[in-house]
**Student:** 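I'd like to ask some things about the structure below.
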Amino acid sequence: MRYNKIRKMDISDGPGVRVSIFMQGCTFNCKECFNPETHDFSGGKEFTDGTIDKVLKLCENENVKGLSILGGEPLHPNNIEGTTKLAKAFKEKLPNKNLWIWSGFTFDKDLKDKEVMKYTDVLVDGRYVDELRNPTLKWKGSENQRVIDVKKSLKSNEIVLLDD
Ligand code: SF4
């Protein structure tokens, strides 16, 4: 598994100052994708235990409110194991900070039973659809995407959108 980049202080991908990591590889090929350099699974850098340690160390900074995992597609079958390992390690080490994940897969159809959801606070789900683009939306690019409160959704067994 590989990743594209880490941002140490990201203020645009989720609330507050965050650490973000962009995983490498995506097969969805959404029209006008914002991040085409992340599509090739052989691009970027190797994702190792050292990468996890580096991300967690950055997240320890008291100004950092949480971790954002984007891509590429962090939950593609090639990437989900590494993303889950990072998510689990993050929540074990920093249980009071929040984890946001962006994925082209959908919560109810593809993701709700995956282990990684146990560690996820917010999931922005669904592929980017350029025809439904709306630049005024918060945390997402197109109308079809959803900002889901994962904890509440798993508890109530229905989709609960983030109350924001
Ligand atoms: S899922 Fe995300 S990274 Fe993949 S093509 Fe669509 S917008 Fe781009």
Side-chain angles (χ1 to χ4, degrees), residues 1-48 51-52 54-55 58-59 65-90 98-150 153-154 159-162 164:
M1 173 185 171
R2 304 178 73 79
Y3 72 100
N4 185 269
K5 61 176 171 275
I6 293 169
R7 284 193 186 140
K8 296 176 184 174
M9 294 264 164
D10 188 338
I11 51 163
S12 54
D13 296 305
V17 176
R18 314 181 64 77
V19 174
S20 57
I21 179 166
F22 293 72
M23 300 307 189
Q24 184 75 31
C26 182
T27 52
F28 283 126
N29 213 13
C30 306
K31 185 178 147 197
E32 301 296 340
C33 166
F34 72 112
N35 228 352
E37 71 278 11
T38 62
H39 291 184
D40 181 357
F41 282 91
S42 60
K45 299 162 218 162
E46 196 182 349
F47 180 87
T48 63
T51 315
I52 293 177
K54 180 178 174 183
V55 170
L58 292 169
C59 290
K65 298 289 177 244
L67 172 64
S68 296
I69 306 180
L70 311 93
E73 179 46 67
L75 304 181
H76 181 279
N78 285 7
N79 292 342
I80 193 166
E81 193 180 327
T83 295
T84 303
K85 198 169 177 188
L86 171 60
K88 184 168 190 262
F90 170 76
N98 60 59
L99 175 64
W100 284 47
I101 297 183
W102 278 253
S103 173
F105 293 105
T106 52
F107 178 75
D108 32 343
K109 260 178 50 201
D110 311 303
L111 299 175
K112 66 179 168 51
D113 298 323
K114 303 285 188 202
E115 182 191 350
V116 67
M117 289 296 110
K118 286 200 296 189
Y119 316 120
T120 306
D121 295 286
V122 173
L123 173 75
V124 182
D125 84 339
R127 292 171 58 170
Y128 170 68
V129 178
D130 197 47
E131 289 73 19
L132 300 175
R133 176 175 183 266
N134 180 346
T136 68
L137 297 169
K138 216 169 166 187
W139 319 130
K140 56 184 187 165
S142 60
E143 300 275 1
N144 61 299
Q145 295 172 307
R146 303 175 296 186
V147 184
I148 295 172
D149 185 321
V150 174
S153 298
L154 288 176
I159 306 267
V160 180
L161 298 179
L162 185 70
D164 190 20

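Each ligand, and each atom within it, is numbered from 1 in the order the structure gives.
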**Student:** Report the C-alpha distance between Arg18 and Asn98 in whole Å, list the side-chain angles of each, state the deciding distance to 0.1 Å, and finish with yes or no for side chain to side chain donor-acceptor pair (under 3.5 Å).
**Tutor:** CA-CA 9 Å; Arg18 314 181 64 77; Asn98 60 59; 2.7 Å; yes

**Student:** Collect the protein residues that have a non-hydrogen atom under 4.0 Å from ligand 1 and hand them over in chain and number order.
**Tutor:** Cys26, Phe28, Asn29, Cys30, Cys33, His39, Gly72, Tyr128

**Student:** To the closest 0.5 Å, what do you measure between CG (Asn4) and SG (Cys26)?
**Tutor:**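 Going from the CG atom of Asn4 to the SG atom of Cys26 covers 12.0 Å.
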
**Student:** When the ring planes of Phe41 and His76 are compared, do they come out parallel, tilted or perpendicular, using 30° and 60° as the limits?
**Tutor:** tilted

**Student:** With no hydrogens and no angle check, do the side chains of Asn144 and Arg127 hold a donor and an acceptor under 3.5 Å apart?
**Tutor:** no

**Student:** Could I get the full list of ring-ring contact (aromatic ring centres under 6.0 Å, His included) partners for Phe105, not counting sequence neighbours?
**Tutor:** Phe28

**Student:** Using only heavy-atom distances, determine whether the side chains of Ser20 and Asp10 contain a donor-acceptor pair under 3.5 Å.
**Tutor:**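 Result is yes, a qualifying pair exists.
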
